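Heads up, the thing below is written out as structure tokens.
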Amino acid sequence: MRFTERVAIVTGAGSGIGRATALRLAREGASVIMADWSEEGLQETASHMPADATHIERKLDVSDEDGVRTLIAEVMDQFGQIDVLVNNAGISGGSYPPVTENEKGDWEKILGVNLIGAMLMIKHVAPHMQARQQGAIVNTASVAGIRSGAGGNPYSASKAGVINLTQTAACDLGGFNVRVNAVCPGLVETGMTKAVFDYARSNDKEHKLGGRCELRRYGKPEELAAAICFLASDDASYITGQALPVDGGNTASLNLPGMK
Ligand code: NAD
Ligand code: ADP
């Protein structure tokens, strides 16, 4: 019960990692504000909430600053404090062609949600944390923000930006006892990766899913939620500005040919 009497906002709470995180925060005592641009997804998450949990669901596009401003004002009116912000909403847009064929609009859309959306949430939430000299922010980056590969544009660039934003915000806010960290998920089965899993399963390649991870398997949303809640909790009271890979060992390995 690490979040008793704490107020937490989770973006992208209508699916996958955000859903698992919102549910875990609630189970550990938090009042949870769930924001997502999918109302259907939010309803589904709400239906799994513990009966005694305090939670509200709000439709929000994190890349829309007016919407972000309105939501935060509403949360402050209703709860008077924000202790935890999980910036998890994200889009991948699937696989991209080589850089020579990239469209500027795709870059603007992905960076707008994944990077600028996270910045906007921090911009509007952090002043309330600074005022109380207390708060923890966790951003969902990606192993794709640590390394990249063909097809990674512009998702990888957006997640590299999220890791850097994590460091900058940790420096800006550290003097106010507000911590900012990130998790870098490896391959996790969620809405975002549904096409990858569907393809593998229908082509007899299920064994390859997560095959590049040293644990030889893909991750579950709950395993990301555990790491996010650790970084958001007082258990991580001396950790800030860090990006923690939660990837089954994927980034520990060069994946050299012939080494396995
Ligand atoms: P998901 O698609 O299941 O969930 C993402 C949620 O974010 C959805 O409910 C979606 O509606 C919401 N969302 C997207 N854009 C939004 C916006 N502009 N405003 C509000 N809500 C928005 O995918 P997921 O895997 O759970 O993704 C969560 C985070 O994890 C993302 O930031 C993603 O980039 C990251 N991630 C996922 C994986 C993976 O393998 N699944 C790997 C690395 C990083
Ligand atoms: P990905 O390729 O990462 O899955 P999507 O573009 O499919 O990204 O978006 C993820 C989720 O966001 C989906 O549930 C989709 O319904 C929703 N979504 C995508 N674009 C919009 C949009 N412009 N307005 C509202 N919801 C959207």
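This is a predicted model, so every value here is computed, not measured. Whatever order the structure lists them in is the order used to number ligands and atoms, beginning at 1.
Of the polar atoms of Ser63, none of the N or O atoms is found under 3.5 Å from an N or O of ligand 1, judged by distance alone. Checked by distance only, ligand 1 and Gly18 stay at 3.5 Å or farther apart across all their nitrogen or oxygen atoms. Ligand 1 has an N or O atom lying under 3.5 Å from an N or O atom of Gly191, backbone or side chain.
Residue Asp36 holds the heavy atom nearest to atom 10 (C) of ligand 1 of all those in Thr21, Asp36, Val196. Here atom 1 (P) of ligand 1 lies nearest to Ser15 when heavy atoms of Gly16, Ser15, Ala118, Ala13 are compared. When Val68, Val143, Asn88 are ranked by how near their heavy atoms come to atom 29 (C) of ligand 1, first place goes to Asn88.
At a 4.0 Å cut-off, not a single heavy atom of Tyr218 sits close enough to ligand 1 to count as contact. Distances shorter than 4.0 angstrom occur between a heavy atom of Gly186 and an atom of ligand 1. Heavy atoms of Arg19 stay at 4.0 angstrom or farther from ligand 1. For the pair Thr11 and ligand 1, no heavy-atom separation below 4.0 Å is found.
Contacts of Leu224 with ligand 1, taken as heavy-atom pairs under 4.0 Å, are absent altogether. Counting heavy atoms closer than 4.0 Å to ligand 1, residue Ala141 contributes backbone atoms (N, CA, C, O) but none from C-beta onward. Only side-chain heavy atoms of Lys159 come within less than 4.0 Å of ligand 1; its backbone N, CA, C and O stay farther off. Only the side chain of Val113 comes within 4.0 Å of ligand 1, judged by heavy-atom distances.
Shown in contact with Ile91 at under 4.0 Å from a heavy atom are these atoms of ligand 1, numbered in order with element: 14 (C), 15 (N). Counting atoms of ligand 1 from 1 in the listed order, those under 4.0 Å from a heavy atom of Ile17 are 25 (O), 26 (O), 30 (O), 37 (C). Those atoms of ligand 1 that come under 4.0 Å of a heavy atom in Val188, given as number and element, are 39 (C), 40 (O), 41 (N).
For Asn88 (side chain) and Thr11 (main-chain N/O), a donor-acceptor pair under 3.5 Å exists by modelled atom type.
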